[in-house]
Amino acid sequence: MQTLKEIRTRIKSVSSTRQITAAMKMVAAAKLRKAQDAILRLRPYASAMHHILLNVTVGAEKNGNKIFTENREPENILIVLVTANRGLCGAFNANVIKHVRMLTEEKYTQQLGNKQVHFICIGKKGYDFLRLRQYPVLAHDQELGEKPRFEEAAKLADELKTWFIEKKYDRIYLVYNQFKNAAVQMPVAEMFLPLRMEKKPSGWQRPADYIMEPSRDVLLEELIPRSLRIQLFKALTDSYAAEQGARMTAMHQATDNATELLRELQLTYNKARQAAITKELSEIVGGADAL
Amino acid sequence: MKVEIISPVEKIYTGEIKLLQVPGSLGSFQVLKNHAPIVSTLREGVIRIIDQTDRESRFPVTGGVIEVKKNRIVVLVETVKS
């Protein structure tokens, strides 16, 4: 049986923990709203880009240039891992890291052994994990994931593109948490490069005969890098929103647990207090009887 | 005809217009009603719009893409200099 004082201390500490988790939940909720807003704002651009690209590529499969689609033997792999900078967001980081391990250890076992799988980490948690296991980390950044800005995402996307074209890497992946809704995140591994030509969606009609200026090839060379930039930016924005969602859910649960714990502790405290009083009373009565 | 100018972080302009002038890679060109379908890249320059009320708006851009189809115009730009 704990003493009254011990229980009182525990109640105090649990209730202050509860205050912190409740505050974190509220902060995450506010950030989540902003992050969702950012997703909504980039959506028209992304879908228009996708649409135009689709219209331009139709008919370009056969003789188009292949610098972005070239399917080389996968020798050098680059993985861009997007995680959060901080913990306390449930299984958010663990899930995406697990995904990376699945991808590398199953699909690219040999390259992993030869140290031909390199990483770029956005977010501290992924970096910590990989560094601990001495994976080759090319670069890491802690700000891009915290506040995704298009200009910087574009810069990184351009760099990745150059590396692919220069054949420094044969496969480039983005591994991040996709934002489904506030409570659900899905870790995904997206192939960034080489590009896979998309199948025409069902019900697809050959678009109007476009005038293509300057020419289809030049257009594609301009459009594809742009579409890569938005793809990377979208991944970062998604991951950020997913992080806030995960943190909000995790903190909500923590707050609930603390409330429940507090209720139980209060009950034990009251019982112990009553027991002490009863004991004291009966001692007094017993003492009085003895006189 | 309807035009939308979109950047990754916001919709910069949407509305019914009479005329659109863009800095195409092969030279500046105008889009009026019933223009033939076209996809073109843009270079650095100014997008000029004249809307239904004859008001003129200008948007300096660093490059982008334009698609015109059936009197619907979509202009994608990455950055707009303010």
Side-chain angles (χ1 to χ4, degrees), chain A residues 34-35 37-60 147-155 157-158 205-237, chain B residues 1-17 20-47 49 59-82:
Chain A
K34 264 195 198 158
D37 236 38
I39 292 185
L40 288 183
R41 269 179 301 155
L42 80 85
R43 207 166 272 166
Y45 184 92
S47 72
M49 178 61 85
H50 182 80
H51 186 77
I52 295 178
L53 201 59
L54 210 62
N55 280 346
V56 176
T57 42
V58 171
K147 208 170 176 23
R149 282 165 38 104
F150 181 74
E151 288 78 19
E152 282 148 47
K155 223 163 46 188
D158 289 348
Q205 288 178 354
R206 210 188 150 66
D209 260 331
Y210 284 100
I211 304 168
M212 308 237 183
E213 242 175 58
S215 72
R216 174 172 284 167
D217 278 357
V218 178
L219 256 178
L220 277 181
E221 248 168 74
E222 272 268 332
L223 282 177
I224 289 173
R226 280 170 197 275
S227 135
L228 290 176
R229 286 180 205 154
I230 191 76
Q231 193 189 347
L232 182 65
F233 183 57
K234 189 167 173 293
L236 295 178
T237 325
Chain B
M1 59 188 172
K2 199 165 178 291
V3 70
E4 284 180 294
I5 303 181
I6 313 173
S7 89
V9 289
E10 60 185 332
K11 275 196 178 171
I12 292 159
Y13 184 97
T14 97
E16 288 287 326
I17 57 152
L20 172 81
Q21 184 177 14
V22 290
S25 305
L26 291 186
S28 174
F29 64 91
Q30 287 187 346
V31 180
L32 291 163
K33 203 163 181 256
N34 293 330
H35 192 285
I38 183 173
V39 180
S40 171
T41 51
L42 306 180
R43 61 193 161 127
E44 194 169 337
V46 178
I47 298 177
I49 289 175
F59 303 95
V61 293
T62 54
V65 192
I66 181 172
E67 185 200 34
V68 182
K69 189 168 105 183
K70 293 182 191 152
N71 287 326
R72 284 189 54 93
I73 308 169
V74 179
V75 185
L76 299 180
V77 295
E78 287 193 345
T79 47
V80 175
K81 289 177 288 182
S82 49

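Below, read A as the first sequence line, B as the second, and so on, with proteins coming before strands; counting in each chain starts at 1.
Contact tally against chain B (heavy-atom pairs below 4.5 Å) for E151(A), E213(A), R229(A), R41(A): the top residue is E213(A).
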V39(B) and N55(A): side chain to side chain contact (heavy atoms under 4.5 Å, CB included), yes or no, with the steps? CA-CA 9 Å; V39(B) 180; N55(A) 280 346; 5.7 Å; no

V65(B) and E222(A): side chain to side chain contact (heavy atoms under 4.5 Å, CB included), yes or no, with the steps? CA-CA 9 Å; V65(B) 192; E222(A) 272 268 332; 5.8 Å; no

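Tested against Y45(A), the residues V9(B), V77(B), L76(B), V74(B) include a single side-chain contact (heavy atoms from CB on, under 4.5 Å) partner, L76(B). Remark: of the listed residues L219(A), V218(A), L223(A), L219(A) is the sole one forming a side-chain contact (heavy atoms from CB on, under 4.5 Å) with T41(B).
For R43(A), no part lies near chain B; criterion is any non-hydrogen pair under 4.5 Å. Contacts between A38(A) and chain B at a heavy-atom distance below 4.5 Å are absent for every atom of the residue.
A distance of 6.0 Å separates CD1 of I211(A) from NE2 of H35(B), quoted to the nearest 0.5 Å.
Side-chain atoms of P44(A) and E4(B), non-hydrogen and from C-beta on, never get closer than 4.5 Å to each other.
Considering every non-hydrogen atom in both P214(A) and L26(B), the closest pair reads CA-CD1, 3.8 Å.
When the shell of 6.0 Å around NZ of K2(B) is examined, it contains more than 12 heavy atoms from other residues, nucleotides or ligands.
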